[in-house]
Each structure stands twice: as structure tokens, then as C-alpha cells.
J.: 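Would you mind keeping the following structure in view while I ask a few things?
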Amino acid sequence: MKKTVSILVLIIMMTSCTSEKKNPIEGTWRLISAETTEKDSTFSTFNRKTKMIKIINDTHFAFFNHDLKNGKEPETALFFGGGGKYTLNDSIYTEQLEYFNNRDWEDNKFEFVVKVQNDTLIQKGVERVEKLGIDRIIIEKYVREK
């Protein structure tokens with residue numbers, strides 16, 4: 001009887017461990033396209049001369065963007081990064097930006113609708129920073145880094 005109970009407990013434990021739902025947005029993502037709409041104008045903001053990644057774990061996100069010439073060309077040298085906490089409720093992904101090299105962006109919330117299709121993460125939402133006069137819709141597409 002003890003053996004049967006032990007096997008039953010083991011089966012229950014294994015089943016409960018595998019039934020935990022993994023957060024589909026967790027991982028490391030590389031930006032592959034970006035589009036912005038301001039007022040009546042829509043335009044690409046994706047820069048092929050830079051590389052941007054976004055890292056999402058169970059509680060926080062971070063993003064980093066830099067030029068592909070390792071900062072050796074002063075006119076195109078670029079580095080910025082930011083991050084903070086996020087929440088995900090169904091497809092509503094809300095970033096609380098806590099860190100950014102332009103401090104006027106800090107302490108703002110940005111709400112997006114996210115969708116994961118295979119290895120692609122698509123996020124669409126509003127970037128609004130009142131003190132900077134920023135009010136725009138952005139759509140970003142990322143591919144999962146292997």
C-alpha cells in the first residue's frame with residue numbers, strides 16, 4: 001500500500017509541475033521592425049545600423065540598443081538602455097519604466113497589446129510622455145533570440 005501511495009504522489013507531483021503555464025513573452029528578443037504613428041503620419045523607426053534587444057523575465061524587462069560599429073564612428077555612435085517592472089494580463093502588457101538614460105521618460109507606464117506567433121513577439125500600444133509632448137502609437141516586432 002505504501003508503494004502505491006508513493007507512486008500516486010509521484011505522479012501527482014510530476015503532473016502538477018508540467019501543467020504550469022510558461023509565460024510566452026519571457027526570453028530575449030531582437031527588434032526586427034518598428035513603426036510609429038504620430039497625428040496623421042506613419043513611418044518606420046527601425047534603424048538597420050543598430051541592434052536592439054529586449055529581455056523579459058517573470059517580473060522585469062530591459063532593453064538595450066547600440067550601433068553596429070562599436071561606437072567607432074562618432075556620427076553614428078549610439079547606446080541607450082532602460083528597464084523596469086511589467087505586468088501581463090491576458091494580452092495586455094504594461095511596462096513601468098524605472099530606468100532610462102533620458103530621465104524624463106522614467107516613472108511612466110506604457111500599455112501594449114502583445115501577441116506571440118511562433119518566434120515573433122508583436123507589441124502595439126501608446127507611448128505618452130506628457131512633459132515631453134510625446135503621444136504616439138508604436139508597433140514593434142521582435143524575433144526570439146536562440
Side-chain angles (χ1 to χ4, degrees), residues 7-146:
I7 291 172
L8 184 58
V9 168
L10 182 63
I11 291 170
I12 291 170
M13 287 175 49
M14 289 175 58
T15 305
S16 66
C17 291
T18 59
S19 66
E20 185 177 310
K21 190 175 179 182
K22 182 167 171 23
N23 183 345
I25 68 169
E26 285 185 30
T28 302
W29 303 90
R30 179 176 36 88
L31 186 68
I32 58 171
S33 75
E35 184 178 273
T36 297
T37 301
E38 289 183 282
K39 298 180 182 165
D40 295 331
S41 181
T42 299
F43 48 94
S44 173
T45 54
F46 182 69
N47 183 348
R48 294 187 187 284
K49 296 179 181 178
T50 66
K51 180 178 181 181
M52 179 173 166
I53 63 167
K54 179 177 265 193
I55 302 167
I56 302 172
N57 68 22
D58 60 333
T59 58
H60 288 76
F61 72 97
F63 57 89
F64 305 98
N65 195 343
H66 68 90
D67 64 277
L68 298 176
K69 300 288 185 175
N70 297 320
K72 294 178 181 166
E73 294 180 3
E75 64 277 357
T76 60
L78 169 78
F79 176 82
F80 67 85
K85 294 180 181 176
Y86 79 90
T87 59
L88 180 64
N89 295 313
D90 294 320
S91 64
I92 306 300
Y93 168 71
T94 306
E95 295 179 344
Q96 175 64 46
L97 190 60
E98 297 176 63
Y99 309 98
F100 191 56
N101 29 321
N102 182 338
R103 297 291 176 86
D104 289 332
W105 284 74
E106 291 182 350
D107 300 320
N108 282 288
K109 284 187 179 183
F110 302 96
E111 187 173 282
F112 303 96
V113 174
V114 292
K115 179 168 53 170
V116 176
Q117 295 176 319
N118 299 318
D119 282 346
T120 303
L121 169 69
I122 303 167
Q123 70 178 55
K124 178 181 181 179
V126 176
E127 283 185 333
R128 184 174 292 119
V129 183
E130 287 186 35
K131 62 182 160 185
L132 296 176
I134 294 172
D135 188 4
R136 59 192 176 204
I137 297 169
I138 66 165
I139 301 172
E140 295 177 333
K141 292 182 183 177
Y142 297 85
V143 66
R144 187 181 298 276
E145 289 281 275
K146 306 265 189 233

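Quick caveat: nothing in here was measured; it's all calculated off a predicted structure.
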J.: Any chance you could measure Asp104, atom CG, to Lys131, atom NZ, to the nearest 0.5 Å?
T.: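 Answer for the CG-NZ pair, Asp104 versus Lys131, is 5.0 Å.
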J.: Any side-chain heavy atom of Met52 sitting closer than 4.5 Å to one from Asn47?
T.: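 In short, these two side chains do not touch, never coming nearer than 4.5 Å.
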J.: Identify, with sequence neighbours excluded, every residue that meets side-chain hydrogen bond (donor to acceptor under 3.5 Å, both in side chains) alongside Asp107.
T.: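 So Asp107 forms no side-chain hydrogen bond (donor to acceptor under 3.5 Å, both in side chains) with any residue.
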J.: Are there over 12 heavy-atom neighbours, none belonging to Tyr99, within less than 6.0 Å of that residue's OH?
T.: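 Open.
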J.: So for atom CG, which belongs to Asn101, do other residues, nucleotides or ligands contribute more than 12 heavy atoms lying within a distance under 6.0 Å?
T.: yes
J.: I need the minimum non-hydrogen distance between Ser41 and Phe43, along with the two atoms involved.
T.: OG-CD2, 3.7 Å
J.: Do the non-hydrogen side-chain atoms of Leu121 and Ile25 ever get within less than 4.5 Å of each other?
T.: yes
J.: Working to the nearest 0.5 angstrom, can you tell me the gap between Lys85 NZ and Gln96 CD?
T.: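 Spacing of NZ (Lys85) from CD (Gln96) equals 9.0 Å.
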J.: Can you name the side-chain hydrogen bond (donor to acceptor under 3.5 Å, both in side chains) partners of Asn65, sequence neighbours left out?
T.: Thr50
J.: Can you name the residues that form a side chain to side chain contact (heavy atoms under 4.5 Å, CB included) with Ala34, not counting sequence neighbours?
T.: Leu31, Thr45, Phe46, Glu140
J.: Examine distances only and state if a side-chain atom of Asn70 and a backbone atom of Lys72 form a donor-acceptor pair shorter than 3.5 Å.
T.: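 No: the side chain of Asn70 does not pair with the backbone of Lys72.
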J.: Would you say the side chain of Phe63 lies within less than 4.5 Å of the side chain of Trp29, judging by non-hydrogen atoms?
T.: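 No - every pair of side-chain heavy atoms lies 4.5 Å or more apart.
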J.: Using the test side-chain hydrogen bond (donor to acceptor under 3.5 Å, both in side chains), find all partners of Arg103 that sit at least two apart in sequence or belong to another chain.
T.: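 Arg103 satisfies side-chain hydrogen bond (donor to acceptor under 3.5 Å, both in side chains) with Glu106 once adjacent residues are dropped.
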J.: Could you work out, with salt bridge (charged side-chain N to carboxylate O under 4.0 Å, His left out) as the rule, every residue matching Asp135, not counting sequence neighbours?
T.: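 With neighbours one apart ignored, the set is Arg128.
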J.: For Tyr93 and Lys115, indicate whether the former's side chain and the latter's backbone hold a donor-acceptor pair under 3.5 Å.
T.: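 Checked: no pair found.
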J.: Looking at Trp105 and Glu127, what are the two nearest heavy atoms and their distance?
T.: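 Minimum heavy-atom contact is CH2-OE1, 3.9 Å.
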J.: Can you name the residues that form a side chain to side chain contact (heavy atoms under 4.5 Å, CB included) with Ser91, not counting sequence neighbours?
T.: Val113
J.: Roughly how far, to the nearest 0.5 Å, is the CZ atom of Phe61 from the CG atom of Leu97?
T.: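 One gets 5.0 Å once the value is rounded to the nearest 0.5 Å.
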J.: Atom CD1 of Ile56 and atom CG of Leu88: how far apart are they, to the nearest 0.5 Å?
T.: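 Atom-to-atom, Ile56:CD1 and Leu88:CG are 9.0 Å apart.
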J.: Taking Asn57 for its side chain and His60 for its backbone only, find out whether a donor-acceptor pair lies under 3.5 Å.
T.: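 Checked: pair present.
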J.: Which heavy-atom pair separates Lys39 from Thr37 by the least distance, and what is that distance?
T.: O-CG2, 4.0 Å
J.: Are Phe80 and Asn102 side-chain neighbours, meaning at least one heavy-atom pair lies under 4.5 Å?
T.: no
J.: Can you tell me if Glu111 uses its side chain to pair, donor with acceptor, with the backbone of Ile92 under 3.5 Å?
T.: no
J.: What distance do Tyr142 atom OH and Ile122 atom CD1 have between them, rounded to the nearest 0.5 Å?
T.: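 With rounding to 0.5 Å, OH (Tyr142) is 12.0 Å from CD1 (Ile122).
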J.: Can the ring centroids of Tyr86 and Phe110 be said to lie less than 6.0 angstrom from one another?
T.: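 Centroid separation for Tyr86 and Phe110: 6.0 Å or greater.
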J.: Lys146 vs Asp119, test: side-chain contact (heavy atoms from CB on, under 4.5 Å). Steps then yes/no.
T.: CA-CA 10 Å; Lys146 306 265 189 233; Asp119 282 346; 2.4 Å; yes
J.: Return the CD to CG distance between Glu73 and Leu78, rounded to the nearest 0.5 Å.
T.: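 If we round to the nearest 0.5 Å, Glu73:CD and Leu78:CG are 12.5 Å apart.
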J.: Kindly say whether Thr120 contributes a backbone atom to a donor-acceptor pair with the side chain of Asn118 at under 3.5 angstrom?
T.: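 A pair under 3.5 Å: no.
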J.: Ion pair present between Lys54 and Glu95, side-chain N to carboxylate O less than 4.0 angstrom?
T.: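 Result for this pair is yes, salt bridge flagged.
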